[in-house]
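Below, read A as the first sequence line, B as the second, and so on, with proteins coming before strands; counting in each chain starts at 1.
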Amino acid sequence: MLKTHNCGELREEHIGESVTLAGWVNRRRDQGGLIFIDLRDRWGMTQVVADADGTPDAHAVAEQVRNEYVIQIEGKVRQRPDGTENPELATGAIDVVADTITILSKSKTPPIYINKEDRMDETMRMQYRYLDLRRPSMQNNIILRHRIVKFIRDYLDNRGFVEIETPILFKTTPEGARDFLVPSRLNPGKFYALPQSPQQLKQLLMVAGYERYFQIARCFRDEDLRGDRQPEFTQLDLEMSFVEREDVLQLNEGLVLALVEALVPEKKLLSKPLRRLTYTEAMETYGTDRPDLRYKLEAIDVSDIAGKSAFAPFQQNVADGKPVKVIRAPGMAGQLSGTALRKVTGELETLIRDVGAKGLGYIAMPLDETAEVKGPIGNKFTVEQKLALFERVGAEPGDLLLFTSDTREIVYAVVDKLRRELAERLGLIDPQLLAFCWVIDFPLFIWDDEAQRWDPSQHMFTAPMPEDLELLDSDPGKARGTQYDLVCNGYEIGGGSIRIHDRELQEKIFPLIGQTMEHATEQFGHILEAFEYGVPPHGGIAWGIDRLAMIFAGAPNIREVIAFPKTQTGADIMAHAPSYAEPGQLEELHIDVVADVLEEA
RNA sequence: GGGGGCGUAGUGUAGCGGUUAACAUGCCACCCUGUCAAGGUGGAGAUCGCGGGUUCGAAUCCCGUCGCUCCCGCCA
């Protein structure tokens, strides 16, 4: 080894020892006869001193050294002189007096700062990702991610789970996303699909009798990117045999709580055990099945009151069975002038038009309780209606009441949008809070208006709730699935279900979702066949490891916890991927690229 | 596929129709023996993403295009 110690471990107890350190120059402070070098490695920082009188050779080299040079130091650990200790630094009680300094590798002036946390253009960071990843904050994120995965492996191993790898070159899986295709040279004209998840394979492993399987699995979905979505991402994929919904929830809840305690003990849990919401509760109150419970801002249904108001759109909507909901933004109206109020509500209105809303109604509660309320719909309510309304929503002086009314779907979308925006604007988010919850009792099917048929809300292997089985015949839309989602801080962290293990039930589901036996056999024949050879009841879950790591790291997007992520256009700026293929490669694959695309090449 | 924001020395930003494009930081040189965001003095560094247009005059206005990013669609 070119080092005897790392740069984060030397303490007073090492004083007097001869040590060899190696790492990167974080910063150099040249005082003429005395040069200080902050030497940095993965474990920390140690101050190295080169003295023109005491160690002239080392001092001469230190004069040549620049930021990010890789150097090796041989020297002695010494107590820092009185008054020069640095309490900010873990190693701040000592410094290392260099006898010799060896430059192992020089560095150009880096295009991005490594020794300071500064805003940076994403293009720069991605182009020089290896330098971005050298920054201590990124190293912390990547190492935290490692510790999460390591903890999960140990935890599940201790509970009888077996980690089994499944193929990357496979076949379409029954999830709704677009597949990545890989051409097969040996089978001209045929393509593999990269797995969107190992869903089928893990069920087959249950058929195979492994009973408890997990995998840290790379998954691929060819859809547009978001801050929390990359085309390739990592799931903790897990499946258990002979379980009911509660068993899967309990095991995963145990894992969640243990992870938090072990890896982010400084964070606060919203509740323990985790709160459970039904899908309906989540949608009606928060407008989404992945609510952010770090703040309240709950939507309150006021259809009965608003429907009787003099505001025609509310009357009409309520008559049509469309809801009117209110979100109370505490103190948001405050002392805003009429102009300022219109500016704020105008901005919010712009935001919700994106999700299809036609407008935003509002009432501003005055600070003086005897004053009249402000807002265009305020005078459409009678005094009695106003009192009932204010009591219903718990209005306080200075509050801003935001009204939304439209189809259920649009109202949900507006509520979700407004909650996220208001929480941000009002500073209601506690960054230390982890608001985990389970969302359960999803509908088994969602009506597809375009195709005029039911669609599985998760996938076609999701089992109905046992008590809802008869509903499959009488009222499929009311049937609940065994599906469960793990949600944290407004992100879906995981989702799963108990699977259908009964061939008869499976065959009953197919026609409901417009799936013919023939088509199903073509696509999933191997599963259906496997299910004729003794299938244990089973269920499982998949977690989004990137999102979990992002939340644990307090990062704003998953790129911060992925070593080499893609940009929003799915590109790798550093390696220039994707790129055009050599004609010879395409020929071997029996693939032609259409002319208009080639012209740009 | 659609909408918004951003693109100016190595880096991060200011300038938003009018002389020589500003600030911070980094970089280079010199001075400096207890600094740790060291300090001091001096210096170099920008065809203002790219292409076109409007104008006497464009970093600034308009159109197109490319890149990054946020959102809708898409995706659980």
Within less than 4.0 Å of OP1 or OP2 of [N], is there a side-chain N or O belonging to [X]?
{"X": "Arg29(A)", "N": "A38(B)", "value": "yes"}
{"X": "Thr569(A)", "N": "G67(B)", "value": "no"}
{"X": "Arg119(A)", "N": "U13(B)", "value": "yes"}
{"X": "Thr84(A)", "N": "U35(B)", "value": "no"}
{"X": "Arg559(A)", "N": "C70(B)", "value": "yes"}
{"X": "Arg229(A)", "N": "A76(B)", "value": "no"}

Test item: [X] and [Y] side chains (from C-beta on) under 4.5 Å apart, heavy atoms:
{"X": "Glu232(A)", "Y": "Cys219(A)", "value": "no"}
{"X": "Glu12(A)", "Y": "Ile15(A)", "value": "yes"}
{"X": "Tyr491(A)", "Y": "Asp228(A)", "value": "yes"}
{"X": "Thr288(A)", "Y": "Tyr412(A)", "value": "no"}
{"X": "Lys108(A)", "Y": "Pro110(A)", "value": "no"}
{"X": "Pro565(A)", "Y": "Arg129(A)", "value": "yes"}

Between the base of [N] and the side chain of [X], is there a donor and acceptor pair under 3.5 angstrom?
{"X": "Arg353(A)", "N": "G3(B)", "value": "no"}
{"X": "Arg78(A)", "N": "G34(B)", "value": "yes"}
{"X": "Asp95(A)", "N": "G34(B)", "value": "yes"}
{"X": "Arg80(A)", "N": "U35(B)", "value": "yes"}

Are more than 12 heavy atoms from other residues, nucleotides or ligands located less than 6.0 Å from atom [atom1] of [X]?
{"X": "Phe510(A)", "atom1": "CZ", "result": "yes"}
{"X": "Lys322(A)", "atom1": "NZ", "result": "yes"}
{"X": "Lys3(A)", "atom1": "NZ", "result": "yes"}

Hunt down the Watson-Crick or G-U wobble partner of [N], both distances under 3.5 Å, from any strand shown, or write none.
{"N": "C30(B)", "result": "G40(B)"}
{"N": "C56(B)", "result": "G18(B)"}
{"N": "G12(B)", "result": "C23(B)"}
{"N": "C68(B)", "result": "G5(B)"}
{"N": "C74(B)", "result": "none"}

Are Arg453(A) and Asp455(A) within salt-bridge range, i.e. N to O under 4.0 Å?
yes

Between the side chains of Arg28(A) and Glu63(A), is the shortest nitrogen-to-carboxylate-oxygen separation below 4.0 Å, so that they form an ion pair?
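The answer is no: the pair does not qualify as a salt bridge.
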
Per-nucleotide protein contact along nucleotides 21-28 of chain B, 5' to 3', at a 4.0 Å heavy-atom cut-off (B base, S sugar-phosphate only, - neither), is ----BSSS

Per-nucleotide protein contact along nucleotides 39-46 of chain B, 5' to 3', at a 4.0 Å heavy-atom cut-off (B base, S sugar-phosphate only, - neither), is --------

Just by distance, with hydrogens left out, do Thr166(A) and Gln215(A) show a side-chain donor and acceptor under 3.5 Å apart?
yes

Counting any heavy atom closer than 4.0 Å, what does Gln127(A) reach on the DNA or RNA strands: base, sugar-phosphate only, or nothing?
nothing

Assign Gly544(A) to base, sugar-phosphate, or nothing according to its heavy-atom contacts below 4.0 angstrom with the strands shown.
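Result for Gly544(A) = nothing.
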
From [options], pick the nucleotide closest to the side chain of [X]?
{"X": "Gln196(A)", "options": "A76(B), U69(B), C71(B)", "answer": "A76(B)"}
{"X": "Gln483(A)", "options": "G34(B), A76(B), C68(B)", "answer": "A76(B)"}
{"X": "Pro81(A)", "options": "C74(B), G34(B), C70(B)", "answer": "G34(B)"}
{"X": "Gln568(A)", "options": "C70(B), A76(B), G73(B)", "answer": "C70(B)"}
{"X": "Thr123(A)", "options": "C71(B), G34(B), C68(B)", "answer": "C68(B)"}
{"X": "Thr567(A)", "options": "U69(B), G34(B), A76(B)", "answer": "U69(B)"}

Can you tell me how far [atom1] in [N] sits from the matching atom in [M], rounded to whole Å?
{"N": "G52(B)", "M": "A58(B)", "atom1": "P", "answer": "13 Å"}
{"N": "A21(B)", "M": "C32(B)", "atom1": "P", "answer": "37 Å"}
{"N": "A22(B)", "M": "C31(B)", "atom1": "P", "answer": "30 Å"}
{"N": "U13(B)", "M": "A46(B)", "atom1": "C1'", "answer": "14 Å"}
{"N": "C16(B)", "M": "G7(B)", "atom1": "C1'", "answer": "15 Å"}
{"N": "G10(B)", "M": "C27(B)", "atom1": "C1'", "answer": "8 Å"}
{"N": "A59(B)", "M": "A9(B)", "atom1": "C1'", "answer": "14 Å"}

Between [N] ([atom2]) and [X] ([atom1]): distance, integer Å:
{"X": "Ile446(A)", "N": "A76(B)", "atom1": "CD1", "atom2": "C1'", "answer": "10 Å"}
{"X": "Glu560(A)", "N": "C68(B)", "atom1": "CD", "atom2": "P", "answer": "16 Å"}
{"X": "Lys417(A)", "N": "G3(B)", "atom1": "NZ", "atom2": "P", "answer": "16 Å"}
{"X": "Asp222(A)", "N": "C75(B)", "atom1": "CG", "atom2": "P", "answer": "12 Å"}
{"X": "Ile573(A)", "N": "G67(B)", "atom1": "CD1", "atom2": "P", "answer": "10 Å"}
{"X": "Glu85(A)", "N": "U35(B)", "atom1": "CD", "atom2": "P", "answer": "11 Å"}
{"X": "Phe220(A)", "N": "A76(B)", "atom1": "CZ", "atom2": "P", "answer": "16 Å"}
{"X": "Asp38(A)", "N": "C36(B)", "atom1": "CG", "atom2": "P", "answer": "11 Å"}

Aromatic plane relationship, Phe436(A) with Phe552(A) - under 30° parallel, 30 to 60° tilted, over 60° perpendicular:
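Correct class here is perpendicular.
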
Taking the six-membered ring for Trp, are Trp454(A) and Phe445(A) parallel (under 30°), tilted (30 to 60°) or perpendicular (over 60°)?
tilted

Could you write out each protein N or O paired with an N or O of nucleotides 47-50 of chain B at a distance under 3.5 Å?
none

Apply the side chain to side chain donor-acceptor pair (under 3.5 Å) test between His538(A) and each candidate in Gln203(A), Lys202(A), Arg499(A); give the one that qualifies.
Gln203(A)

Quick check: on RNA chain B, is the nucleotide nearest Met124(A) upstream (toward 5') of the one nearest Asn86(A), or the reverse? Name the residue that is more 5'.
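First, find each residue's nearest nucleotide; the 5'-ward one identifies Met124(A).
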
Starting at the 5' end of RNA chain B and moving along, which residue's nearest nucleotide shows up first, Glu223(A) or Met120(A)?
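On the 5' side of the pair lies Met120(A).
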
Given the rule in the salt bridge (charged side-chain N to carboxylate O under 4.0 Å, His left out) test, do Arg78(A) and Asp95(A) qualify, once you have shown the distances and angles that lead to the verdict?
CA-CA 6 Å; Arg78(A) 192 185 58 180; Asp95(A) 47 28; 3.8 Å; yes

